[in-house]
Peer 1: 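Just dropping this structure here.
Values in this document were obtained by computation on a predicted structure and should not be read as measured data. Start at 1 and go down the list; that is how both ligands and their atoms are numbered. Sequential numbering from 1 along the given sequence is applied to the chain's residues.
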Amino acid sequence: MPFVTLREVLEDAQRNKYAVGAFNTNNMEIVQAIIEAAVEERAPVILQASQGALKYAGIDYIMGLVRAAEKNADVPIVMHLDHGTDFDQVMMCLRKGFTSVMIDGSKHPLEDNIAITRKVVEAAHPMGVTVEAELGRIGGTEDDIHVSESEAAFTVPEEAKTFIEQTNVDALAVAIGTAHGVYKGEPKLRFERLKRITELIDTPLVLHGASGVPEEAVRKAIDMGICKVNIDTNIRQAFTKALHEYVNDNPEVFDPRKILSPARSAMKEIVKEKIRLFGSSNRA
Ligand code: 13P
């Protein structure tokens with residue numbers, strides 16, 4: 001099935017109160033795990049590559065892999081750039097066939113975040129590509145982006161209104177208490193803030209750093225208006241755990257295919273679990 005944009009999948013999610021899973025990918029096994037899970041669950045899915053993924057695999061390899069997925073899968077797939085911070089790199093993604101991009105100007109003051117986001121929207125929309133932006137600063141580490149606890153900042157609802165009016169983005173990542181990476185304690189989501197944001201804007205909202213957030217809290221956030229949920233760390237953990245176990249139990253094996261197969265299956269299982277949690281099964 002040809003790639004679709006964020007807008008195409010999020011409109012239905014927003015109307016029907018579920019979320020579309022956005023899963024980070026870096027290599028063939030991860031792409032296959034995500035796509036097989038989405039196909040088996042009959043779920044629309046967002047494949048996303050961060051700047052770190054593009055640096056690791058190369059944009060042409062990533063696009064080659066996801067185009068193979070596009071040919072073989074009969075569910076809607078969005079090809080999305082996660083946390084782009086560089087305008088030229090975002091333009092490169094547009095040229096290479098991404099159907100959606102995130103421009104993350106969250107480290108800049110509001111006016112500058114608006115300016116760079118608007119510049120990306122003005123380039124992307126005429127090409128039929130959707131844009132996600134971030135307002136407030138989500139803490140933690142996502143590849144090459146590190147935001148310390150003291151730098152993290154919640155999204156200010158009134159600023160979100162201004163931001164949307166001035167940028168016309170298709171989705172907005174909000175900082176409501178989640179962080180990228182592994183949590184030290186249990187994350188506490190600021191639902192009051194989320195509620196206020198949804199009262200002021202009707203743009204689809206995105207929850208980053210969702211690995212390790214209690215299921216109950218994820219469900220509540222989706223009920224309240226989150227319609228894209230990002231997962232990376234849980235996939236990495238599933239991969240690494242299965243790989244360690246296999247290598248420890250089978251130290252004599254040196255065939256990468258044998259070593260990587262259980263890791264791929266473990267990632268597929270976690271993606272399926274998330275798809276069910278987000279309520280996007282049978283929505284394709
Ligand atoms: P986690 O690594 O915490 O799952 O977050 C993923 C994410 O938000 C990617 O943008």
Peer 1: Looking at Lys119 and Glu122, is there a salt bridge between them, counting it only when a charged N and a carboxylate O are closer than 4.0 Å?
Peer 2: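 The answer is no: the pair does not qualify as a salt bridge.
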Peer 1: Let's go through Lys220 and Glu216 carefully: what are the C-alpha distance in whole Å and the side-chain angles of both, what is the deciding distance for salt bridge (charged side-chain N to carboxylate O under 4.0 Å, His left out) to 0.1 Å, and is it a yes or a no?
Peer 2: CA-CA 6 Å; Lys220 185 167 173 184; Glu216 204 72 339; over 6 Å; no
Peer 1: With a 4.0 Å cut-off on heavy atoms, is Asn234 touching ligand 1?
Peer 2: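 Not so, Asn234 does not reach ligand 1.
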Peer 1: Any carboxylate oxygen within less than 4.0 angstrom of a Lys/Arg side-chain nitrogen, looking at Arg196 and Glu199?
Peer 2: yes
Peer 1: How far is atom 8 (O) of ligand 1 from its nearest protein heavy atom, and which residue and atom name does that atom have?
Peer 2: Gly209 N, 2.8 Å
Peer 1: Test your reading of the model: is there a side-chain donor-acceptor pair from Arg137 to the backbone of Leu135, 3.5 Å cut-off?
Peer 2: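 No; judged by distance alone, with no hydrogens or angles, the pair does not exist.
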Peer 1: What about Gly181: any of its N or O atoms under 3.5 Å from an N or O on ligand 1?
Peer 2: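 Checking ligand 1 against Gly181, an N or O pair does fall under 3.5 Å apart.
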Peer 1: What protein heavy atom sits nearest atom 10 (O) of ligand 1, and how far away is it?
Peer 2: Asp82 OD2, 2.7 Å
Peer 1: For atom 4 (O) of ligand 1, grab the closest protein heavy atom and report residue, atom and distance to one decimal in Å.
Peer 2: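 The closest one turns out to be Ser211 OG, 2.5 Å.
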Peer 1: For atom 2 (O) of ligand 1, which candidate among Ile138, Val229, Thr178, Thr233 provides the closest heavy atom?
Peer 2: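 Checking each option, the heavy atom nearest atom 2 (O) of ligand 1 is found in Thr233.
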Peer 1: Tell me the closest heavy-atom pair linking Thr25 and Asn27, and the distance in Å.
Peer 2: OG1-O, 3.5 Å
Peer 1: Have His208 and Asn230 got a donor and an acceptor in their side chains that come within less than 3.5 Å?
Peer 2: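 Yes.
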Peer 1: Between His180, Gln237, Met102, which one has a non-hydrogen atom sitting closest to atom 7 (C) of ligand 1?
Peer 2: His180
